[in-house]
Amino acid sequence: MSPEPSQSPPPSDIQHAAPPTLNHLIGQRAVVSQVKVALEAAYADNSRVCHMLMTGAPGLGKTLLAQIVAKEMAADFNEVLGQSLAQPSDLFGLLLQATDKSVVFVDEADELPAQIQTTLYRAVEERKLFLPQSSSANGAKSIPLADFTLLLASNHEHSLVQPLRDRMKLILRFEQYSEAELRELVHQRAHALHWDVANDVFPMIAARGRGTPRLALRLLEACRRTCRSELGVTVSRRHFNRTCELEGIDALGLDRQEIQLLQILKDAAGAVRLNVLASRMSLPPRTVADVVERHLVQLGLIDKSPEGRRITAKGLSHLRGDDDAE
């Protein structure tokens, strides 16, 4: 049935259906509580919200929270990746366009060069941009800045210089989601998008979401894509199973590369060093260490030691299919 003319059309994609307020945000209860107190204090004082550092693994909702903070404050939102601030002039342009109470969000802030981090924490502390030392007798010159809020997001908070971390009034530590929270989250997003999804699909997606909203939502989107490719209307268990088959996702949500790594360790006589693993998988060592093996370690499927990586009894059991619920 077509919606009534007075109804708003559903959001166009899964990102546009993100929750608009803190009260609609699922999970991260400790983080949400901290931010609510900060926002209420800002309202009471008619001031900007305090500077914040958001830390945690990728895909847990740090960018979404930054956007919600700006919406809750009815403030301008300026977003930039740390990698794009390579020169002082890049930072100057970003900060000079900020207005009072606006939000400046730097994602992947650990990628900021040390020089830029130093300039940034001085700008936050003194609300001034200090230009490079001149040869004139007056020395360094400065430009006043608006009273903006700085939000930083980082997967590796200790890569930030200590003085910059110290200027952040709130440290928000994002945690992995429970399956119940992921189930509620994908249900909320499907409802917002007006997608028809069978109820038994939500817990299956949550079980393979690896505690990460971004991955669970990606799987939800892939399931609907499979459904629509067949001109279907309702996303069913069959569509879910077909999607997992197409994308090589197993009962724990592991992908083909992670399963390949487990198989290499299973076939090895002992510990396998990182460079050997990388060579066998035709991947850079950093990709194996930072991406492929991270979730396997979290699940207890492999162990890391100075000698290398080994598969655990739990990892062997998983390869045998002992924990395959489907």
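Looking only at side-chain heavy atoms (C-beta outward), Arg228 and Trp195 stay at 4.5 Å or farther from each other. Within the 4.5 Å cutoff, the side chain of Gln67 has heavy atoms near those of the Glu79 side chain. The shortest distance between side-chain heavy atoms of Leu96 and Leu145 falls below 4.5 Å. By the 4.5 Å heavy-atom criterion applied to side chains, Asp196 and Cys227 are not counted as neighbours. For the pair Asn155/Asp290, no side-chain contact is recorded, criterion being any heavy-atom separation below 4.5 Å from C-beta on. Residues Ser142 and Leu129 have side chains not in contact (no heavy-atom distance under 4.5 Å, counting atoms from C-beta outward). At least one side-chain heavy atom of Leu254 sits under 4.5 Å from a side-chain heavy atom of Leu296. Using a 4.5 Å heavy-atom threshold, the side chains of Phe77 and Val69 count as separate.
Heavy atoms only, all atoms of each residue included: Pro58 and Thr212 are closest at O-CG2, 3.6 Å. Of all the heavy atoms in Leu25 and Leu65, the pair that sits closest is CD2-CD1, 4.0 Å. Closest approach of Cys50 and Ala38 over heavy atoms only: SG-CB, 4.1 Å. Between Ala17 and Arg189, the shortest heavy-atom contact is O-CD, 3.3 Å. Closest approach of Met73 to Ala42, counting heavy atoms only: CE-CB, 3.9 Å. Minimum heavy-atom separation, Gly209 to Leu215: O-CB, 3.8 Å.
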Residues 120-127, side-chain donor-acceptor partners within the protein, below 3.5 Å, at least two apart:
from	atom 1	to	atom 2	distance (Å)
Glu125	OE1	Arg167	NH2	3.1
Glu125	OE2	Arg167	NE	3.4
Glu125	OE2	Arg167	NH2	2.8

Scan the side chains in residues 87-94 for donor-acceptor partners under 3.5 Å anywhere in the protein, sequence neighbours excluded, and list what turns up.
from	atom 1	to	atom 2	distance (Å)
Asp90	OD2	Ala86	N	3.1
Asp90	OD2	Gln87	N	2.9

- Step by step, would you call Gln176 with Leu60 a side-chain contact (heavy atoms from CB on, under 4.5 Å)? CA-CA 7 Å; Gln176 300 293 119; Leu60 296 180; 3.8 Å; yes
- For the pair Leu150 and Met168, evaluate side-chain contact (heavy atoms from CB on, under 4.5 Å) and give the outcome as yes or no after the intermediate values. CA-CA 8 Å; Leu150 178 64; Met168 300 298 104; 3.7 Å; yes
- Message: Between Arg238 and Glu230, does the side-chain contact (heavy atoms from CB on, under 4.5 Å) criterion hold? Intermediate values first, please.
- Response: CA-CA 12 Å; Arg238 183 178 64 80; Glu230 302 173 359; 2.8 Å; yes
- Query: Should Thr149 and Val104 be marked as a side-chain contact (heavy atoms from CB on, under 4.5 Å) after you check the CA-CA gap, both sets of side-chain angles, and the distance that decides it?
  - Reply: CA-CA 6 Å; Thr149 293; Val104 174; over 6 Å; no
- Please test Arg208 against Glu247 for salt bridge (Lys or Arg N to Asp or Glu O under 4.0 Å), starting from the C-alpha separation and ending with a verdict. CA-CA 12 Å; Arg208 290 158 178 80; Glu247 304 209 357; over 6 Å; no
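Listed by chain and number, the residues in a side-chain hydrogen bond (donor to acceptor under 3.5 Å, both in side chains) with Arg218 amount to none (sequence neighbours excluded). Partners of Glu181 by salt bridge (Lys or Arg N to Asp or Glu O under 4.0 Å), not counting sequence neighbours: none found. Annotation: side-chain hydrogen bond (donor to acceptor under 3.5 Å, both in side chains) contacts of Glu245 (sequence neighbours excluded): Arg242.
Using a 3.5 Å distance cut-off with no hydrogens or angles, the side chains of Gln188 and His24 do not pair a donor with an acceptor. Judged by distance alone, the side chains of Asp76 and Ser102 never bring a donor and an acceptor atom under 3.5 Å apart.
Under a hydrophobic-cluster definition in which Ile, Leu, Val, Met, Phe, Trp and Tyr are linked whenever side-chain heavy atoms come within less than 4.5 Å, directly or via other members, Val161 and Ile171 are assigned to the same cluster. Linking Ile, Leu, Val, Met, Phe, Trp and Tyr residues whenever their side-chain heavy atoms come within less than 4.5 Å leaves Ile259 and Leu246 in two separate clusters. Taken together through direct or relayed side-chain contacts under 4.5 Å among Ile, Leu, Val, Met, Phe, Trp and Tyr, Val37 and Val32 form parts of separate hydrophobic clusters. Tracing side-chain contacts under 4.5 Å through hydrophobic residues (I, L, V, M, F, W, Y), one never reaches Leu81 starting from Leu160; they form parts of separate clusters.
Considering CG of Leu53 and CZ of Arg165, their distance stands at 8.0 Å, rounded to 0.5 Å. The CG atom of Leu319 sits 5.0 Å away from the CG atom of Leu262 when rounded to the nearest 0.5 Å. The structure places CD of Gln117 at 10.0 Å from CD of Glu111, a figure rounded to the nearest 0.5 Å. Going from atom CD1 of Ile143 over to atom NZ of Lys128 covers 11.5 Å, rounded to the nearest 0.5 Å. Taking CG from Leu301 and CZ from Arg309, the interatomic distance works out to 14.5 Å, rounded to the nearest 0.5 Å. Interatomic distance, CG of Asp303 versus OG of Ser305, reported as 7.5 Å (0.5 Å rounding).
Checking side-chain atoms of Asp100 against main-chain N and O of Asp147 turns up a donor-acceptor pair under 3.5 Å. Proximity of a side-chain donor or acceptor of Ser279 to a complementary backbone N or O of Asn275 within less than 3.5 Å is not detected. Put simply, the side chain of Glu72 gets close to the backbone of Leu22: a donor and an acceptor are under 3.5 Å apart. Between the Lys314 side chain and the Leu299 main chain, a donor and an acceptor come within less than 3.5 Å of each other. Between the side chain of Arg273 and the main chain of Pro306, a donor-acceptor pair closer than 3.5 Å is present. Between the Ser317 side chain and the Ala313 main chain, no donor and acceptor come within less than 3.5 Å of each other. Side-chain atoms of Lys169 do not come within 3.5 Å of backbone N or O of Val49 as any donor-acceptor pair.
For the ring-ring contact (aromatic ring centres under 6.0 Å, His included) condition, no pair includes a residue of residues 242-293, sequence neighbours left out.
The side-chain contact (heavy atoms from CB on, under 4.5 Å) test with Leu261 singles out one residue from Leu283, Ile302, Ile311, and that residue is Ile302.
Heavy atoms from other residues, nucleotides or ligands lying under 6.0 Å from CD of Glu175 number 12 at most. Crowding of Arg280 atom CZ: a count of heavy atoms from other residues, nucleotides or ligands under 6.0 Å not exceeding 12. More than 12 heavy atoms of other residues, nucleotides or ligands lie within 6.0 Å of CZ in Arg48, so this atom counts as buried by the packing criterion.
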